[in-house]
Chemist: 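I'd like to ask you about the structure that follows.
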There are 2 protein chains.
Amino acid sequence: MKIGQATIKDIANELGVSSSTVSRALKDYPGISDETKRKVKEVAERLNYRPNAVALSLRKSRSYTIGVIIPEVVHFFFSTVISGIEEVAQARGYNVILSQTNESLDREKSSIDTMLSNQIDGFLVSFSKETTDFDHFEKLLNFGFPIVFFDRSPDLKESISVTVDDYQGAYEATTHLIHQGYTSIAHLKGPSKLKISQNREKGYRDALYNHGIEVNEDFIVECAKGTNEEAYGVAEALLKNPQTKPDAFFASNDMAAVGAMMACKNAGIKVPEEMGIVGFSNWQFCSMIEPSLTSVAQPGYQMGVRSTTLLLDIIEKKIEYDSVKDPIVLNTELLVRKSSVRM
Amino acid sequence: MKIGQATIKDIANELGVSSSTVSRALKDYPGISDETKRKVKEVAERLNYRPNAVALSLRKSRSYTIGVIIPEVVHFFFSTVISGIEEVAQARGYNVILSQTNESLDREKSSIDTMLSNQIDGFLVSFSKETTDFDHFEKLLNFGFPIVFFDRSPDLKESISVTVDDYQGAYEATTHLIHQGYTSIAHLKGPSKLKISQNREKGYRDALYNHGIEVNEDFIVECAKGTNEEAYGVAEALLKNPQTKPDAFFASNDMAAVGAMMACKNAGIKVPEEMGIVGFSNWQFCSMIEPSLTSVAQPGYQMGVRSTTLLLDIIEKKIEYDSVKDPIVLNTELLVRKSSVRM
DNA sequence: TTGTATGCGTTATCAA
DNA sequence: TTGATAACGCATACAA
């Protein structure tokens, strides 16, 4: 009685044929008379028949639904990824079921459980900051259950991931600052546990090293939360002490970069004349603030598209899971704006 | 064979009892010996049993899943709404299946169709800009299918919606500008078709009227896309002509406000001294740009929470659909920053 | 070319 | 206190 949901049976009754005939006619199976096909389709149309996806899922153990596990929706980068995921999924006839973990491991696990009980066909996951142990994923992978990790990739053999070239992005950003004549470059780094943070830090270190600049460990400070308030405090502390006062900031994310910029303004330090600043992610506001913020753009939408395409190809067995040996790494792009260009 | 998915049958076989006994034992039905219950639960635990949600959906015609139809994910306001939706849904044991329409009516319709065939329990929808005819929703409502509209509400009797008090927000914003001594206030309005745009315009008009300021129709310009580029062009055109040059902008969204601000900067007009600017939505960047942007904050997260709570209450028949007579309107808050405060 | 029977995993009804 | 059976909507192996 749901929403005029006619079933195959209804059509069968109406025409006085069996439901298997109807089923076959609707799917253009060979060995069904054109006459029957025509009639069945006509009635189906008239009754506004829509196949019941749930029954199909049960029957086929396939739901044409993929589960997306994401730390936070209210995050520009992640929202662009979701957008890419949605696009591809919809185009290929898949539903997207979304769960945000708020960076909590418990929620990550429970979301995975409920999604599994919903017979989803595969996972797209960016795990939480709390996740350091990957057993819950490994178990699934061992069963051959398709998972594609994006942005944050685990240290697991046999796992497929789509990430951004954090190292390269950080390397270019730092090099850019060096070329602009900044020499005491501080790094506001992200949560140490995340590989993306580690890679960015490494890019920063290598850039300094390769340009003959010694790394000052006092210049590397973690901003775990990634808010501008947090970074403001951190930057302020660095600026206060003449011994640790840098002449540039390379931040692991844009919010932190803005926090540093505010701290500079507040301390009467001119950006970019006396202080260069570069962020990471290229949030929308980068071009809107004054001075506009140089930032490393991450192809979020592309990441969503690539990882979803990959996942669906695996699900549909267009490609073998094991054939994807190397992690997919997307290029970043340094967008140079005012905050890092000396007059 | 899926992911070690043991079924009730497996447990039954293991214990040599019938599957109905197992089913009952697991749900603590009365009339099952404690002994049996214990055994069943033990085996269930050991086999890592998880009920198959798909089979349940088929059996009960309930999926514990709600469908969310949203124009755009990459939009600060909407992403906060999604966050609120997720929060409540997860807490109450529901899945969220998400579809973004990209403001296309066709996609809206097809998403609704596929979600329906997935037996979702209800809809949370913010329809597309293209949607002017609400037949596809009305049909569902007539069947008693639960839908809660958020942010954008249709002109339909018997529809439930959770919106923001756009009129009040716009009224306050405009009044604030007037109190600051701005008199020629232009309005960059949103897509005329949307009620939110209409309400904001009305708030603007009434504020002017109530303060004895005549409305200049040349000052009201539509920015349909809502990008800063578009608004930049519009503002630039207004500023060029001395006859239409305003001394303040009230924009229907923050991006447009930024566009106007850029046009002013480019024309050498000082904000806020010579030009007041107020936006709508309070995007994250408002406090980060220079001068910081006064904006009308919309409680997006709250909107998500309220509308989801409402929908689930209706689905679970905690409240009657018809008992919700009046649309729920959430209050906005004017956040005064530098862009509109004259020294 | 079409129909019958069975099963996907679960629960509700009826019987024992 | 427990078991057998049917049903949710569909697809398919097998029969006719």
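Just so you know, these numbers use all the heavy atoms, side chains as well, and skip hydrogens, waters and symmetry mates. Lettering of chains follows the sequences in order, A, B, ..., and the numbering in each one begins at 1. Note that this is a predicted model, so its numbers are computed, not measured.
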Chemist: Is the shortest heavy-atom distance from the side chain of B/N118 to the side chain of B/S63 under 4.5 Å?
Modeler: no
Chemist: Given C/dT11, D/dT12, C/dT10, identify the nucleotide with an atom nearest to the side chain of B/K60.
Modeler: C/dT11
Chemist: Assign B/V54 to base, sugar-phosphate, or nothing according to its heavy-atom contacts below 4.0 angstrom with the strands shown.
Modeler: nothing
Chemist: Rounded to whole Å, how long is the line connecting atom CG of A/L58 with atom P of D/dC10?
Modeler: 12 Å
Chemist: Is it the case that A/R152 places NZ or CZ above or below the six-membered ring of A/F149, under 6.0 angstrom from the centre and within 45 degrees of the axis?
Modeler: no
Chemist: Separation of B/N13 atom CG from C/dG9 atom P, in whole Å?
Modeler: 12 Å
Chemist: If I take atom NZ in residue A/K9 and atom C1' in nucleotide D/dA7, what distance separates them, rounded to the nearest angstrom?
Modeler: 7 Å
Chemist: So if I take residues 23-31 of chain A and measure heavy-atom distances to DNA chain D, which residues fall below 4.0 Å?
Modeler: A/S23, A/R24, A/K27, A/Y29
Chemist: Could you go through B/S153 and B/K195, starting from their C-alpha distance and side-chain angles, then the distance that decides it, and tell me whether this counts as side-chain hydrogen bond (donor to acceptor under 3.5 Å, both in side chains)?
Modeler: CA-CA 7 Å; B/S153 77; B/K195 216 198 276 176; 3.0 Å; yes
Chemist: Go through C/dT11, D/dT2, D/dC10 for me and flag the one nearest to the A/P51 side chain.
Modeler: D/dC10
Chemist: Distance check needed: C/dG9 P versus A/L116 CG, whole Å only.
Modeler: 15 Å
Chemist: Tell me which nucleotide among D/dA11, C/dG9, C/dT2 gets nearest to the side chain of A/I32.
Modeler: C/dT2
Chemist: Let me spell it out: for each of B/S33 and B/A55, pick the nucleotide of DNA chain D with the closest heavy atom. Which residue's pick is nearer the 5' end?
Modeler: B/S33
Chemist: Side chain of B/T21: nearest nucleotide among C/dT2, C/dT10, D/dG3?
Modeler: D/dG3
Chemist: How long is the line joining CZ of A/R62 and P of D/dA11, in whole Å?
Modeler: 14 Å
Chemist: Remember a base hit wins even if backbone is also touched, and classify A/S57 as base, sugar-phosphate or nothing at under 4.0 Å, heavy atoms.
Modeler: nothing
Chemist: Nearest whole angstrom, please: distance from the C1' of D/dC10 to the CD1 of A/I8.
Modeler: 6 Å
Chemist: Are A/F127 and A/F134 near enough that their ring centres are under 6.0 Å apart?
Modeler: yes
Chemist: If you count the non-hydrogen atoms of other residues, nucleotides and ligands that lie under 6.0 Å from CD in A/E316, is the total more than 12?
Modeler: yes
Chemist: Are there over 12 heavy-atom neighbours, none belonging to A/E35, within less than 6.0 Å of that residue's CD?
Modeler: yes
Chemist: Take atom CZ of A/R59 and atom C1' of D/dA11, then tell me their distance rounded to the nearest Å.
Modeler: 4 Å
Chemist: D/dG9, OP1 or OP2 - any side-chain N/O from A/T7 closer than 4.0 Å?
Modeler: no
Chemist: Base, sugar-phosphate alone, or nothing: which one does A/T36 contact when heavy atoms must sit under 4.0 Å apart?
Modeler: sugar-phosphate
Chemist: Take A/D121 and A/K60 through the salt bridge (charged side-chain N to carboxylate O under 4.0 Å, His left out) test and state the conclusion after the steps.
Modeler: CA-CA 11 Å; A/D121 299 340; A/K60 304 219 171 176; over 6 Å; no
Chemist: Tell me, yes or no, whether the heavy-atom count around B/R62 atom CZ, taken from other residues, nucleotides or ligands under 6.0 Å, exceeds 12.
Modeler: yes
Chemist: Would the base of D/dA4 count as contacting B/S20 through its side chain, where contact means a donor and an acceptor less than 3.5 Å apart?
Modeler: yes
Chemist: Please state how far atom CG in B/N52 lies from atom P in C/dT11, giving the value in whole angstrom units.
Modeler: 10 Å
